[in-house]
Every structure is written in C-alpha cells, then in structure tokens.
Protein chains: 2
Amino acid sequence: MDTPLDMKSSGMKNKRPTLQDVADLVGVTKMTVSRYLRNPDQVSPPLQTKIGEALDHLGYIPNRAPDILSKSKSHAIGVLVPSLTNQVFAEVIRGIESVLEPAGYQTMLAHYGYSKEAEEKRIAALLSYNVDGLIISESYHTERVRKMLSVAGIPVIEIMDSVSPAIEQAIGIDNQAAAYAMTECMIQKGHRKIVYFAARMDQRTLQRIRGYQTAMHDNGLTEMCLSTDSASSFTLGEQFMKEALAKQPDTDGIFCTNDDLAIGALYACQKAGIKIPEEMGIAGFHGHNIARVMVPLLATVITPREEMGRLAAEHLLSRLQGNPVSQKIINLPFQIEPGESI
Amino acid sequence: MDTPLDMKSSGMKNKRPTLQDVADLVGVTKMTVSRYLRNPDQVSPPLQTKIGEALDHLGYIPNRAPDILSKSKSHAIGVLVPSLTNQVFAEVIRGIESVLEPAGYQTMLAHYGYSKEAEEKRIAALLSYNVDGLIISESYHTERVRKMLSVAGIPVIEIMDSVSPAIEQAIGIDNQAAAYAMTECMIQKGHRKIVYFAARMDQRTLQRIRGYQTAMHDNGLTEMCLSTDSASSFTLGEQFMKEALAKQPDTDGIFCTNDDLAIGALYACQKAGIKIPEEMGIAGFHGHNIARVMVPLLATVITPREEMGRLAAEHLLSRLQGNPVSQKIINLPFQIEPGESI
DNA sequence: TATGATAATGTTACAGGTAACAATTCATGG
DNA sequence: CCATGAATTGTTACCTGTAACATTATCATA
C-alpha cells in the first residue's frame, strides 16, 4: 500500500519542482515562497521554517527563465574568444571571472576558432540567451554583427586590441608598438637578418607585423616574413625555422607572433646545434608561462592578460549599473623581456 | 519634421525587437512570423518576402527565453571543469564543442577552481539556466550536489576518471593504472630513488599517487612524495626539485602528477647541471604539447583528452535523444611515452 | 454554383517567477 | 470594543514564442 519510494520508480515525469510545488506542500501561494527566497524575513517565522524544509525536501532549484523572459535580465555575460586552447585567452577569462563571479554574474563562454562566420553564429547564440553584456575579442566585425550588437542594446567591450576603432569601448594593448619595441631590442642586441614568423593572420598579428616592418625599415634592414593562416603550434615553429634557414641561410634572428612558435623555433635550433643567442636570436610574444622558466629564458613581450580581463569585466559591470562609457579606448602597458635568447 | 535617425538618439528604450514588432510591421500576427522562422514555406510567397525584409530591417534576434520557460529545453549543455588555464581541460572542451556545436547546442562553461563549495554554486547556476545536460569533471560530490543532479532530471556525464563510482555515466582513464605503468617504466630504465611530485590533491592525483606507491612497493623500493594543495606550475616544479635534492640527495628519478611540474623540474636540473636522464629521470603526466617538442623529449603519459570530450558529448547527445545509458563506465586507453628524459 | 479539401492565417493558452496592488490578520491605543 | 496601521499573505498581470485548435481563403471538381 506504500507509495513508490520516489517519483523515478513510479514512471512519472519526474519534473523538477517549481515554486508552486513547494507552495502546495506548505499550503501557501507561490508568491509567499518567492518572498522567502528573496528575503526570508518577509514571511512569518513559522512559515520560514516550513518553507525552508519544503524547499530542502523537494530539492528546489531556482529557475532563471521566467526572470529572463519578463525582465530581459539574465545575469549572464557572454564572453567570446577565438580559442580556448590558447593560454592567453584562458588567462584573460580567469581575469574576467574573478570579477564577474563575485558580482553574481554567470559567464557564458563561446569561441569561434578565428572564423568570422562562426563569430556571427556565436554572437547570435549568446544574444538569444539574453546575455546582459558582451566581452568580445576581435576588432573587425561583419556588418551583421554590428547590427546585432546595436539592436541588442547591451554593453559591449572589445578586448586584446587598443588600436582599431572600438564599437563602444576597447581595452587592450598596442600590438604594433609592442612589436616595434621588441624588434628594436633585437636590433640593439646585434641581430640584423631578422625573420618574422606569423600564424593565424588576425588583426593583432597584422599589427605586430607592421610594427616589425616599421622597425626594420627605420633601421635600414630588410624584412622577411613567413606566415600561414593555420593555427600556431610548437611544431609549426620548428617547420618555420627550417624554412627560414633554407630560404635565407644567414638568418640571425627570429621574431615570432607568439611564444608557441618561438619555443618551437628555439628547440629546432637546439636540435640543429645552433647556438642561442650567439648565432640566432629568438623572441616571442605574450609571455607564455613556460617562457619564464625555460633554458634559455625566452625573450618575449609580457602582456597584462589577466588584468585585461579584470578591467574589461569591471568596466562592463559599471556600465550595467548605468554608468556611461568612461574611456573609449584603454591602452594597457606591455613589457619587453629580453630573457636570454636574444 | 523627420523622425530621429535611430531610436538611440530619440531617448526611447530601444528595446530589442520581438516577433510582435516584426508582425506589426508586416501586418500579420506574430504566429505567422514564428511559422516563417521555423519553416518559410508555411507562409505564402508574398508574405515570405515581406517578413524576411522586416526581420532584416529590425535586426530581429531570436529569443530562447520563452522556449526555455515553456518547454524547459535550453539547447545548452553545462560543462564544469576545475580550471580553464590547465591545458588539459581546454583540450577536453575543444572535443566537447566539436560535437555539441554542429548538433546545435550551446556550451555553458563554468569552472570552480577545485573547490567543492564553488562546485556546488556553479552546478546550481548552470541548472538555474535550465541546461539540458551536464558534463562534469569531478568524481566526488557533496550530498547536496547529488540531490540537485538527481532532482534536475537531466543526463549527467562525469569525465576524466574511470574508476570512481559514476553517478550515471563516467568516461575517463584509469589514473592509478597509468601511474603504475609509468613508474614501472622508470624502474625498468634503471631509476630507483624515484620521488613523486604532486600538486592540487584531487581524486585523480590521489589515484596516481596510489599507482606510483603500488609500483614502488611491488619492486621493493621506497616511496617519497612531495605535495601541496596549491596549484601546480612550472615554478612549483623547480621548487620541488630543490626540495627533493635537499631531502634525499641521491634521488635519481622524479615522477610528476602533470607535465607542468615535470617541465619545471627538468629545467631546474638543467640549470643545476644535472644530466638527464643519466643522473635524473623525469616523467610527467598528460602529454602537454610542449613535452612533444622539447629537448630532451619529456617522458609522459599521453591521454586522449580531446577524444574524451568528444565521447562525453556524443554519449550525452545520445541520451538527450532518449537512449538509455549504454555503458556506465567507459575506460579510455592511455599511452606511456618514454621520451628521452627517463 | 455548391462542396469538400487544402492551404494560409488567426486565437488562445501556457510555461514560472515576481512587481504591483489587494485583501486579510493582528496588535495596540483610545 | 472598534479604529488604525503595520505585518503578512493573496491575486492578477506580464514577459515572448509556439502548440493546439479555430477560422478564413482558395481552388478543383461534381
């Protein structure tokens, strides 16, 4: 005569409990339960106990859907990065979450693998979930993306790049200036035939190339660039190294668009018995953690990735609180770390 | 006499357009527009054109909120990992998304920094957004987490670990067996005084330690373990190396719970002039990409991270289509890569 | 031209929480 | 013992897209 032990075994739908279910159990309306959840003191002490027990017993889980529907406020922030495997973005994300999480916001992460088409789809998806704000990391967008963002009417912050014209607000570094500075540094150290290794030709890489080219030109040196559209990797750095030596045997310096390529190139030299930095100077970009411990220490451009994420989140929160854009473009400092490899 | 150029400048609320707005513009009911969006052929050709134009003109963005509310289907999958900066999880996530994205599912990523408390909060947050399924990467859960998951009534898949009892379904590797195999391999290569470096004492690390201990014991060797609760890093590997040599100067092997520690330890040896592998064998775990190119090549346990993510997503999709759990525990193979460092 | 079938469009109700307002209870002082 | 107001609880409406059903338009055929 017993009822089934639980709903699962009874073949019922086992739907997750709603406020109504809790209210029915206690014998009040769901409004009362709602009040309890938002501020327990709004209901009488005896009900507080009963409602608390009922919530616990049923295992009530809050449901944001109604709120999102009625107030168009999801308390979720969309974060769009090109890649998750790239350590750089992982650190930016950590910075973002370190601010959003304590503020009660959920981050909705999406990535688009550097494809404009995917970016469009991902932004549409994030907007369809009614995110309250967006942090994106590209500087060029299709017309449709711009329209979507404008229509959505939510604050948008672009990160990584402080040079391209911002939609509303951009926080990043000046990639061209950083690349210029590193190239200058390599030249000062005596390198002359410096080749640039580039992968994934996005805006940031193009700007770095421009910085490198300008520095070479300003010093009366000849530039040479090896590039590909595919993803960068340690192995690609090795390949490029071999290619550079084949094309220009007297190459004495390599500046890479990121540390992955640089590390690959460095190991390729070690395997080939090329002395670093005497015979070949190698520099990277972005300060991969490993660059700071390896032997020899890799020359690299150190960028404030985590702080960039933090700042982006802070400015976004500020705008969600109704404040206007305080500063359209925020340019963060970078640092040239010569290491031991140039 | 002109109307303002756009709504922004008119001080209006600039709310994002709804189906009703589109319908009003065309002169039909929103139901007709809804039909057009789901299957254009359901409306007459002239209306198809007009609705298409209106949608475009207003920049309509679909809104999932009503659907989530009425059907409790969000087409979002929650993915919970301990850390995003850890490359291992980035690759798992890539595997997951490679399956979910083409299937029309949005991933909602959350991480909890190895804290049980944060895990609870994160799972509650994901459930409050009505995710249709969950992929989580811990094997031990608080009672409250178990209750939430049971009440939510959505498919849950645990990844990383194939040994702990699965809530519903687990996909991972046998960490203990893998650590045993690598320890055996080190012993075979002649190392005797092998020390284990562990950070972040989660279940997986504990199982690896057990594998190491068993292998040492089975070979009549003495075990020694350096561990900390804090996060692993290259620098920590360096510190541990110094500590191990101080405590046990005749240490001739290091087995690390991950490649980050191993790489740090390896460079520490290089800086101290200790020859690898002659004087010191070093092995890692998980096959960090860099381990596959560095000099010397790092001995490591190669795990199918991306495939693990793919499989988890595929099984989740299958269950979302109503299929039952086909296999409660799926044990993926690992591979011992001796490299040149042991 | 009437009839029935089919295509095209409209109407209504619903999902679950909460703002806004309404109603009820209860204690207190006159 | 009732008026008054504060404290507590209830009622109604709303947010947006769509399933389910209802209605109207269109057209071929008897």
Side-chain angles (χ1 to χ4, degrees), chain A residues 13 15-51 54-55 58-76 124-125 127-132 151-153, chain B residues 13 15-52 54-55 58-75 124-125 127-132 151-153:
Chain A
K13 283 225 293 248
K15 261 188 66 210
R16 107 183 197 189
T18 68
L19 276 195
Q20 187 66 60
D21 298 327
V22 180
D24 289 349
L25 193 62
V26 178
V28 292
T29 57
K30 56 181 181 167
M31 194 62 227
T32 306
V33 184
S34 170
R35 286 195 182 98
Y36 172 86
L37 284 174
R38 298 162 53 65
N39 179 7
D41 289 338
Q42 273 185 75
V43 306
S44 61
L47 271 187
Q48 284 181 26
T49 319
K50 279 166 80 178
I51 293 176
L55 285 168
L58 293 177
Y60 175 77
I61 303 163
N63 186 351
R64 279 194 190 276
D67 231 48
I68 297 176
L69 183 54
S70 57
K71 295 201 266 304
S72 312
K73 283 272 163 246
S74 59
H75 269 238
L127 292 177
S128 79
Y129 284 100
N130 294 273
V131 290
D132 293 348
V151 164
Chain B
K13 282 227 292 249
K15 263 189 62 213
R16 110 184 197 186
T18 68
L19 276 196
Q20 188 66 61
D21 298 327
V22 180
D24 289 350
L25 193 61
V26 179
V28 292
T29 58
K30 57 181 180 168
M31 194 62 227
T32 306
V33 184
S34 170
R35 288 194 180 98
Y36 171 86
L37 284 174
R38 297 161 53 66
N39 179 5
D41 289 339
Q42 272 185 73
V43 305
S44 60
L47 271 187
Q48 284 180 26
T49 320
K50 278 166 83 178
I51 293 175
L55 286 167
L58 292 177
Y60 176 76
I61 304 162
N63 185 352
R64 280 194 190 274
D67 231 50
I68 297 175
L69 181 55
S70 55
K71 294 200 268 302
S72 312
K73 284 273 163 245
S74 60
H75 269 238
L127 292 177
S128 79
Y129 284 101
N130 294 272
V131 290
D132 293 347
V151 164

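None of the values given here were measured: they were computed from a predicted structure. Each chain gets a letter, A, B and so on, in the order its sequence line appears, and its residues count up from 1.
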### Query
Quick one: is C:dG16 close enough that its OP1 or OP2 comes under 4.0 Å of any side-chain N or O from A:Tyr60?
no
Taking five pairs at each terminus, the helix from C:dT1-D:dA30 to C:dG30-D:dC1 shows an axis bend, to 10°, of 60°
Heavy atoms of B:Gly59 and B:Pro17 approach each other most closely as O-CG, 4.2 Å
B:Lys73 NZ to C:dG16 P, in whole Å, measures 14 Å
note: B:Asn39, atom CG; C:dT9, atom P; distance rounded to Å ~ 13 Å
Report the C-alpha distance between A:Arg16 and B:Leu127 in whole Å, list the side-chain angles of each, state the deciding distance to 0.1 Å, and finish with yes or no for side-chain contact (heavy atoms from CB on, under 4.5 Å). CA-CA 10 Å; A:Arg16 107 183 197 189; B:Leu127 292 177; 4.3 Å; yes
**Prompt:** Less than 4.5 Å apart, any side-chain heavy atom of B:Val22 and any of B:Lys30?
**Reply:** no
The residue, B:Met31 or B:Ala65, whose nearest nucleotide of DNA chain D is more 5′ is B:Ala65
Taken to the nearest whole Å, NZ/B:Lys71 to C1'/C:dG16 is 15 Å
Exercise for review: With heavy atoms under 4.0 Å as the rule, sort A:Leu47 into base, sugar-phosphate or nothing.
Suggested key: sugar-phosphate
Result for 5'-nearest mapping on DNA chain D, choosing between A:Lys30 and A:Ser44, is A:Ser44
On DNA chain C, more 5' by nearest nucleotide between B:Leu69 and B:Gly27 is B:Gly27
| request: Would you mind classifying the nucleic acid contact of A:Tyr36 as base, sugar-phosphate or nothing, using non-hydrogen atoms under 4.0 angstrom? | output: nothing
task = Examine distances only and state if a side-chain atom of B:Ser74 and a backbone atom of B:Asn130 form a donor-acceptor pair shorter than 3.5 Å.
result = yes
From CG of B:Asp67 across to P of C:dG16 the rounded distance in Å is 13 Å
With heavy-atom distances below 4.5 Å as the criterion, would you say the side chains of B:Leu37 and B:Leu55 are in contact? yes
Discussion item. Within the structure provided, determine whether A:Val26 and A:Val33 are in side-chain contact (heavy-atom separation under 4.5 Å).
Written reply: no
query: What does B:Val33 touch in the nucleic acid at a heavy-atom separation under 4.0 angstrom: a base, only the sugar-phosphate, or nothing?
result: nothing
Kindly indicate whether the side chain of B:Lys15, heavy atoms from C-beta on, has any atom under 4.5 Å from the side chain of B:Asp21.
no
Heavy-atom nearest pair, B:Tyr36 first then B:Val43, reads CD1-CG2, 3.9 Å
Under 4.0 Å, heavy atoms only, any strand: does A:Leu37 hit a base, just the sugar-phosphate, or nothing? nothing
5'-most to 3'-most nt of DNA chain D touching chain A (<4.0 Å, heavy-atom partner on protein side) reads D:dT8 to D:dT16
Original post:
Should A:Val151 and B:Leu58 count as side-chain neighbours, where that means a heavy-atom distance under 4.5 Å?
Top reply: no
Closest to the side chain of B:Ser70, out of C:dG16, C:dA8, C:dA15, is C:dA15
request  = Would you indicate whether the side-chain heavy atoms of A:Thr18 and A:Asn63 approach each other to under 4.5 Å?
outcome  = no
In whole angstroms, the gap separating C1' of C:dA15 from CG of B:Asn63 amounts to 14 Å
- Does the side chain of A:Arg64 get closer than 4.0 angstrom to OP1 or OP2 of C:dG16 through an N or O atom? no
Does B:Thr32 reach a base, just sugar-phosphate, or nothing at all? Heavy atoms under 4.0 Å.
sugar-phosphate
Respond yes when some side-chain nitrogen or oxygen of B:Thr29 is under 4.0 Å from OP1 or OP2 of C:dT9, and no when none is. no
Per-nt protein contacts along nucleotides 21-28 of chain C (heavy atom under 4.0 Å; B base, S backbone sugar-phosphate only, - none) come out as --------
- Query: Would you say the side chain of B:Arg64 lies within less than 4.5 Å of the side chain of A:Ile68, judging by non-hydrogen atoms?
  - Reply: no
inquiry  = Is any side-chain heavy atom of A:Asp41 closer than 4.5 Å to one of A:Gln48?
reply    = yes
